[in-house]
2 protein chains.
Amino acid sequence: MPRPREFEPDTVLNAAMLRFWERGYRATSIEDLVKATGVKPGSLYSAFPGGKRTLFLKSLERYSRLVVPQKLGELEASGASVAEIRGYFDGLVRDLLSPEGRQGCLLVNTAIEKAAEDDEAAAVVRGHLARLERCMTHALENAVRRGQVRAGLDCAGSARLLVATCQGLMVVGKANPDEALLRAIVDNAFAALG
Amino acid sequence: MPRPREFEPDTVLNAAMLRFWERGYRATSIEDLVKATGVKPGSLYSAFPGGKRTLFLKSLERYSRLVVPQKLGELEASGASVAEIRGYFDGLVRDLLSPEGRQGCLLVNTAIEKAAEDDEAAAVVRGHLARLERCMTHALENAVRRGQVRAGLDCAGSARLLVATCQGLMVVGKANPDEALLRAIVDNAFAALG
DNA sequence: AAGATAGATGAGCGATCATTCAAGAACAAC
DNA sequence: GTTGTTCTTGAATGATCGCTCATCTATCTT
C-alpha cells in the first residue's frame with residue numbers, strides 16, 4: 001500500500017561516504033549531501049534516523065566493507081606474504097600521489113578529526129587498525145615460514161610497527177606528496193624486516 | 001595619545017593555540033576564543049587582521065616555536081643520538097596515554113584536517129616534518145659514528161621512516177591509547193636500527 | 001580642561017548550520 | 001474510485017557561524 005522509495009539508500013550512503021572521505025565530518029553539510037544526491041532533507045532524515053551522525057557512522061561501515069577490502073587486496077588472503085604487504089604500501093603511495101587519492105583514508109582522517117569526541121566512531125577506527133594488524137601479522141608469519149624475512153622476527157610486534165608506519169605514511173603524504181620521500185619511507189620499512 | 005591595549009596579544013594567541021590544538025580548526029569558533037580569553041570579537045579582529053584563519057596560522061607558528069622545541073628536547077642538540085630519539089618517542093607515548101595529551105600534535109592534526117585545502121597551513125606542517133627529519137638524521141649519524149647502531153645504516157632514509165613512524169604513532173594513539181600497543185610500535189622501530 | 005588618537009564594546013549583519021514538519025503525491029488494497 | 005499507507009517536498013525552525021561597525025572609553029598631548 002505504501003508509496004515506494006524513489007532513491008536507493010545505498011546510493012545516498014555512497015555519496016555521503018565520498019563527501020565525508022573528501023572533506024571530513026564537520027566540513028560536510030547536509031546541504032552538500034542534498035546537492036550531491038538530489039534527495040531532499042526530509043527524505044534523508046526519514047531514511048537515516050539520527051541524521052548526519054548516523055550517515056557518518058554508516059559511511060564508516062560502508063568504507064570498511066567496500067573500500068578497505070579493495071585497498072588490502074590479496075593482503076587479506078590466507079597465503080599473503082611480504083609481496084602482498086609491499087603491494088599494499090605501494091598502493092598507498094600511488095594513491096597519495098594521485099590527484100584523487102590525496103584525501104587519504106577515511107578512517108585515518110576520522111581517527112584525527114573525531115575519535116577523541118565520538119567513541120562509536122573511534123571503535124570503528126580501532127576495528128580497522130586491528131584488522132590491519134591481524135593480516136600484517138599473518139603475512140609476516142607466512143614470510144618467516146618461507147624464509148623471506150629474518151628467522152627470529154617478532155611478527156606481532158613488527159605488524160604493529162607496520163600498521164603505525166602506514167598511518168604515518170598517510171599523514172606525511174597528505175602534507176607533502178613527494179614520491180621520493182614516500183618511497184624512502186616504504187623502502188626503509190621493508191629493509192627493517194631483513 | 002592612544003588608549004593602551006588591555007590584553008596581551010600573545011596571551012590571546014596562546015589561548016587560541018590551545019583551543020585549535022584540542023578541538024581543531026573547524027570545531028573552534030570565534031565565540032569559543034572570546035569566552036576563553038575574555039577579549040571581545042571586535043578587539044580580536046583588530047588585533048589579528050584576517051580573523052580566524054590568521055589566528056590559526058599564527059597558532060601554528062607559535063606551536064612550532066614554543067611547544068615543539070619542548071617536545072623535541074635534547075633531540076635538537078648537536079650531540080643528540082639514539083638515546084635522544086628514544087626519549088622523544090617515549091615522550092610521545094607518555095603524552096598519548098595521559099588525559100591532557102590525547103589531543104596529539106597540532107601539526108599532525110592540521111596535516112589531516114586542513115593541509116589539503118590550505119597550502120599555507122600545509123607549508124608549516126611540511127616545515128615541521130623537515131625539521132623532524134633533519135634532527136633525526138643528525139642523531140642517527142652521531143649514532144653510527146659512536147657504534148650505537150649498525151654500521152651501514154642509511155641515516156637519511158631511516159630518519160624519514162622514523163618521522164613517519166611517529167606520525168603514525170599519534171594516529172594510532174588517538175584512536176587506541178593502549179600502552180602495550182604504543183610501546184610495541186616504539187620498541188620495534190628501534191629494533192630495526194640494529 | 002579640551003582635543004586627538006586608538007582600543008574596547010557588543011549588538012547585529014547575512015550566511016549557513018542541522019533539523020523538523022505540514023502538506024501534497026504515489027502507490028496497493030479493496 | 002476510494003481509502004490507507006508511506007514517501008517526497010521544501011519552507012521554516014532556532015542556533016550558530018565568522019565578521020563588522022557605530023559608539024563609547026581611556027589615555028596622551030597641549
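Every heavy atom of this structure was used, including side-chain atoms; hydrogens, water molecules and symmetry mates were not. Note on naming: letters A, B, ... go to the chains in the order of the sequence lines (proteins, then strands), and numbering restarts at 1 for each one.
Counted within 6.0 Å of CD on B:Glu117, heavy atoms from surrounding residues, nucleotides or ligands total more than 12; the atom is thus considered enclosed. Applying the 6.0 Å contact sphere to CD of A:Gln148 captures more than 12 heavy atoms from other residues, nucleotides or ligands.
The pair A:Arg131-A:Glu76 meets the salt-bridge criterion, since a charged nitrogen lies less than 4.0 angstrom from a carboxylate oxygen.
Put simply, CZ on A:Phe48 is 11 Å from P on D:dT8, counting in whole angstrom units. The distance from atom NZ of B:Lys52 to atom P of D:dC17 is 8 Å, rounded to the nearest whole Å. The CZ-P distance, from B:Arg5 to C:dT9, rounds to 12 Å in whole Å. Per the geometry, CG belonging to B:Asp32 stands 17 Å off P belonging to D:dA15, to the nearest Å. Atom NZ in A:Lys35 sits about 15 Å away from atom C1' in D:dG10, given to the nearest Å. Spacing between atom CZ of A:Arg26 and atom P of C:dC17 amounts to 13 Å, rounded to whole angstrom units. Between the CD atom of A:Glu31 and the C1' atom of D:dA11 there is a distance of 13 Å, rounded to whole Å. When rounded to the nearest whole Å, the span between CG of A:Leu33 and C1' of C:dT19 equals 13 Å.
To the nearest 0.5 Å, atom CD of residue A:Gln167 and atom CG of residue A:Leu129 are 5.0 Å apart. Remark: A:Lys114 NZ to A:Tyr25 OH distance equals 5.0 Å, nearest 0.5 Å.
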Apply the test salt bridge (Lys or Arg N to Asp or Glu O under 4.0 Å) to residues A:Asp187 and A:Arg86: give CA-CA distance (whole Å), side-chain angles for both, the deciding distance (0.1 Å), then the verdict. CA-CA 9 Å; A:Asp187 287 345; A:Arg86 180 86 208 191; 2.7 Å; yes
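With contacts defined as side-chain heavy-atom distances shorter than 4.5 Å, the pair B:Leu140/B:Leu193 qualifies.
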Could you go through nucleotides 10-13 of chain C and list every protein N or O atom that sits under 3.5 Å from one of its N or O atoms, giving the distance for each pair?
| residue | atom | partner | partner atom | Å |
| --- | --- | --- | --- | --- |
| C:dG10 | O6 | B:Gly42 | N | 3.2 |

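For D:dC19, one of the phosphate oxygens OP1 or OP2 lies less than 4.0 angstrom from a side-chain nitrogen or oxygen of B:Tyr45. The phosphate of C:dC17 has OP1 or OP2 within less than 4.0 Å of a side-chain N or O from A:Ser29.
Just one residue in the list B:Lys71, B:Glu100, B:Arg102 forms a side-chain contact (heavy atoms from CB on, under 4.5 Å) with B:Asp95, and that residue is B:Lys71.
Residue B:Phe7 is classed as a sugar-phosphate contact, given heavy-atom separations below 4.0 Å to backbone atoms only.
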Distance-only donor-acceptor pairs under 3.5 Å for side chains of residues 10-21 of chain A, two or more places apart:
| residue | atom | partner | partner atom | Å |
| --- | --- | --- | --- | --- |
| A:Asn14 | OD1 | A:Arg62 | NE | 2.8 |
| A:Asn14 | OD1 | A:Arg62 | NH2 | 3.2 |
| A:Trp21 | NE1 | A:Gly104 | O | 2.7 |

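Sorted by residue number, the list of members of residues 113-122 of chain B with any non-hydrogen atom under 4.0 Å from DNA chain D is empty.
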